[in-house]
Structures are given as structure tokens and as C-alpha cells.
Novice: 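Next up is a structure, given as C-alpha cells.
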Amino acid sequence: MKNYTIQIGNVVLLALLIGASISCRTLDFAELTPESRNSNLLPAMATEVNVDVLEGYFYGKTTSTTEFISQNESESNSTIIQTIADDRPFSTTSNDFITIFERDVKQNISNPIGKRQGTMVCKIVALNSDMGGMGLAMISACTFGTLNLLGFPFSSNAASVDVEIEVYNKTDELIGSYQAVGRSRVFSALYYGYDPLSASRLSKIRAFKEALDKIKLQINADHDLLIQALKD
């Protein structure tokens, strides 16, 4: 009887997950637009983003070299070298972080108009992301989805990201260094929640934006010092 109940619960939970993918909200691209504008803007700045920790390798070009040996006996020592370079695509998370950071610098940290006076470099130090809420899944299964029909979430996605931002002047001298950790949890639920894939992506986006908001406060507090250093 116990195993039968568990099997029914699993079937109900599976049905809820399928239904959730249809009825839950998907990611709104407005989430990629940063908020919280600094009261004191820096001069125009260039941007760089280091996402090595997310990609698992140094992002660049994949280069393959092919050597063709001539079949002509009189040219037996001649060869033709062909080199092909292909861009490696970024992951969705890397693209999201790059988009948000570049927009934040241009819209909320520095003046988008004028000659660039330096560079802001963003480094993703660490990212943790997991689909938690096993307790939510157990409750959903034990109640055969009844609570979920009333709006109880059936899963959640949590993310935390450690971000560092360094500010360099026109001669590439480091004039400021800032760090913050952002955290977020997004629920998957019928009617008002997000589908599991969107919840996973959104939790990372919101965690990154929270870290940037904390760093923007630090930069705003150092505004006068940074302005002076950028002029030197």
C-alpha cells in the first residue's frame, strides 16, 4: 500500500511538472535591464567581463590546423598549412551576465556620452546554483498535488554569485576594487510561478543584479576619489 501511494504521488508530481511547463510564466527579458542608478556618475568607461569560471575554459577561438602533404614526387617536401579559427559560443548565463553588466555601466554607473576615461572589469569569482525544495516536492507528492492547485510551489531554484569589479584609468592603473555576493531564490508554481528552466535562469540573473547593486553603492561612495584618479 505504501509503495502504491508513493507511485501515485510520483505520477501526480510528474503531471504537475508537465502542467507547470505550460501554465507557469517564462522569463521576461526585462529582467536583463539593471536598475538602481547611482546619484553620481563616473565619466564614460569601457567594459570587460571575465566569465572563465562559468565557461570552464579560457574563452577565445578554437584553432585547428591541417597539414596537406603534396603527392607530387618533385615537390615531396612541400606542404600546405590551413588554419581555421572558430568562435566558441558563450553559455546563456555568461551572455546574461555580460549584457546586464554592460548595461549597468552605461546606464547606472558611468556617463554613456563622451570620451572613455578608463575601464571597468567585472570578474565572476564563483557561482552556485541548484534546484532545491525537496521538501516542497515531498509535500506536493504527499498531497497528490492538491496544495499545488491552490498555489503551493512544487520546486525552487537558488543561486549565489560572487562578483569582483576593478576600475582602471586610461594608463591601465588599478584605482578601485570592489566585491559583493548576491543571492536569489525563485519558485516554480502553478499560476504565478516560473517554469523550472526559467526559474533556474532567473535566479542567477537576480543574484548577479543584487551583487552589482551592492557594488554600485561602494562605487558611489568612492565617487570623488575615482574621479580624481581618472583625471590623473
Side-chain angles (χ1 to χ4, degrees), residues 27-62 87-129 158-184 186 200-232:
L27 179 70
D28 185 347
F29 288 128
E31 293 283 351
L32 296 175
T33 300
E35 302 168 359
S36 183
R37 193 169 189 258
N38 277 0
S39 56
N40 301 305
L41 297 181
L42 297 175
M45 304 288 289
T47 59
E48 294 180 12
V49 185
N50 184 326
V51 292
D52 291 357
V53 71
L54 303 182
E55 299 300 318
Y57 52 72
F58 178 79
Y59 179 77
K61 291 183 179 293
T62 302
D87 286 329
R88 285 172 170 165
F90 277 132
S91 67
T92 300
T93 300
S94 294
N95 275 322
D96 288 344
F97 287 2
I98 292 170
T99 299
I100 293 169
F101 177 68
E102 290 181 344
R103 288 177 176 177
D104 220 358
V105 172
K106 293 177 182 178
Q107 299 172 12
N108 301 319
I109 301 177
S110 68
N111 191 332
I113 301 174
K115 186 177 181 180
R116 291 174 178 173
Q117 300 299 310
T119 304
M120 300 196 73
V121 180
C122 176
K123 180 180 180 181
I124 311 302
V125 179
L127 172 67
N128 289 325
S129 178
S160 60
V161 58
D162 189 345
V163 180
E164 290 181 357
I165 290 182
E166 295 180 335
V167 184
Y168 294 86
N169 63 14
K170 289 184 292 186
T171 58
D172 289 333
E173 292 178 305
L174 179 64
I175 61 174
S177 182
Y178 308 93
Q179 180 271 336
V181 175
R183 297 180 177 84
S184 177
V186 178
S200 176
R201 184 177 176 183
L202 184 56
S203 64
K204 299 170 190 174
I205 289 174
R206 289 181 174 175
F208 182 62
K209 289 169 70 174
E210 181 183 273
L212 288 184
D213 284 345
K214 293 178 179 178
I215 291 177
K216 279 187 288 186
L217 292 176
Q218 300 173 38
I219 293 175
N220 199 53
D222 285 352
H223 175 264
D224 293 341
L225 295 174
L226 292 173
I227 287 291
Q228 185 59 47
L230 289 170
K231 289 180 180 179
D232 293 342

Novice: Start with the C-alpha gap between T119 and E48, add the side-chain angles, then the distance that decides, and say whether side chain to side chain donor-acceptor pair (under 3.5 Å) holds.
Specialist: CA-CA 7 Å; T119 304; E48 294 180 12; 5.0 Å; no
Novice: Which heavy-atom pair separates P43 from I227 by the least distance, and what is that distance?
Specialist: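 Between these two residues, the closest heavy atoms are CD-CD1, 3.4 Å.
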Novice: Check G114 against A44 and note the closest heavy-atom contact, atom names and distance.
Specialist: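 Heavy atoms only, the tightest pair is O-CB, 3.6 Å.
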Novice: Could you give the distance from CZ (F29) to OG1 (T99), rounded to the nearest 0.5 Å?
Specialist: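 Separation between the atoms: 10.5 Å.
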Novice: Any side-chain donor paired with an acceptor under 3.5 Å for N220 and S39?
Specialist: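 Result is yes, a qualifying pair exists.
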Novice: Check this for me: E35, atom CD, are more than 12 non-hydrogen atoms of other residues, nucleotides or ligands nearer than 6.0 Å?
Specialist: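 Atom CD in E35 is not crowded, with 12 or fewer foreign heavy atoms closer than 6.0 Å.
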Novice: Are I165 and M120 side-chain neighbours, meaning at least one heavy-atom pair lies under 4.5 Å?
Specialist: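 I165 vs M120: side chains touch.
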Novice: Nearest 0.5 Å, please: how far is CG in N40 from NE2 in H223?
Specialist: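 Answer rounded to 0.5 Å: 4.5 Å.
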Novice: Under a 4.5 Å cut-off applied to non-hydrogen side-chain atoms, are I100 and L212 in contact?
Specialist: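 Sidechains of L212 and I100: in contact.
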Novice: If you define the side chain from C-beta out and look only at heavy atoms, does anything of L32 sit under 4.5 Å from R103?
Specialist: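 The answer is yes; the side chains approach within 4.5 Å.
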Novice: Return the OG to CG distance between S184 and L202, rounded to the nearest 0.5 Å.
Specialist: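 Between S184 OG and L202 CG, I get 6.5 Å after rounding to 0.5 Å.
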Novice: Which residues pass the salt bridge (Lys or Arg N to Asp or Glu O under 4.0 Å) test with D162, sequence neighbours left out?
Specialist: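 Applying salt bridge (Lys or Arg N to Asp or Glu O under 4.0 Å) to D162 gives none.
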Novice: Could you tell me whether the side chain of L41 reaches within less than 4.5 Å of the side chain of S110, counting heavy atoms only?
Specialist: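 Counting from C-beta outward, S110 and L41 never come under 4.5 Å.
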Novice: Can you see whether E164 engages S177 through a side-chain donor-acceptor pair at a distance of less than 3.5 angstrom?
Specialist: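 E164 vs S177: no donor-acceptor pair found between side chains.
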Novice: Taking C-beta and beyond as the side chain, do Q117 and K170 meet within less than 4.5 Å on heavy atoms?
Specialist: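 SC-SC contact between Q117 and K170 confirmed.
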Novice: Quick one: pull up CD1 in I109 and CD1 in I219 and give me the separation to the nearest 0.5 Å.
Specialist: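 Reported value, rounded in 0.5 Å steps: 4.5 Å.
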Novice: Measure across A180 and A211 and return the closest heavy-atom pair with its distance rounded to 0.1 Å.
Specialist: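 Looking at all heavy atoms of both residues, the shortest contact is CB-O, 3.6 Å.
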Novice: Supply the atom-to-atom distance Y168 OH to L174 CG, rounded to the nearest 0.5 angstrom.
Specialist: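 Nearest 0.5 Å value for the OH-CG distance: 5.0 Å.
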Novice: Filter on salt bridge (charged side-chain N to carboxylate O under 4.0 Å, His left out), then keep only pairs touching residues 208-227, sequence neighbours left out; what's left?
Specialist: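 Matches after skipping sequence neighbours: E31-K209, D104-K216, E210-K214, D213-K216.
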Novice: Output all residues satisfying ring pair (Phe, Tyr, Trp, His ring centres under 6.0 Å) with F101, sequence neighbours left out; order by chain, then residue number.
Specialist: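 Counting only residues at least two positions away or on another chain, F101 forms no ring pair (Phe, Tyr, Trp, His ring centres under 6.0 Å).
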Novice: Distance from L42 atom CG to R116 atom CZ, nearest 0.5 Å?
Specialist: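 One finds 14.0 Å between CG of L42 and CZ of R116.
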Novice: If you define the side chain from C-beta out and look only at heavy atoms, does anything of V181 sit under 4.5 Å from V163?
Specialist: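 A side-chain contact is absent here, since even the closest heavy-atom pair is not under 4.5 Å.
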Novice: Measuring only between side-chain heavy atoms, which start at C-beta, is L54 closer than 4.5 Å to S94?
Specialist: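 The answer is yes; the side chains approach within 4.5 Å.
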Novice: Mind running salt bridge (Lys or Arg N to Asp or Glu O under 4.0 Å) on D96 and K204 for me, showing each step along the way?
Specialist: CA-CA 9 Å; D96 288 344; K204 299 170 190 174; over 6 Å; no
Novice: With a 4.5 Å heavy-atom cut-off, do F208 and L127 have their side chains touching?
Specialist: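 F208 does not reach L127 side chain to side chain.
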Novice: Within the side chain of Q107, is there an N or O that forms a donor-acceptor pair under 3.5 Å with the backbone of P34?
Specialist: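 Looks like no, no N/O pair under 3.5 Å.
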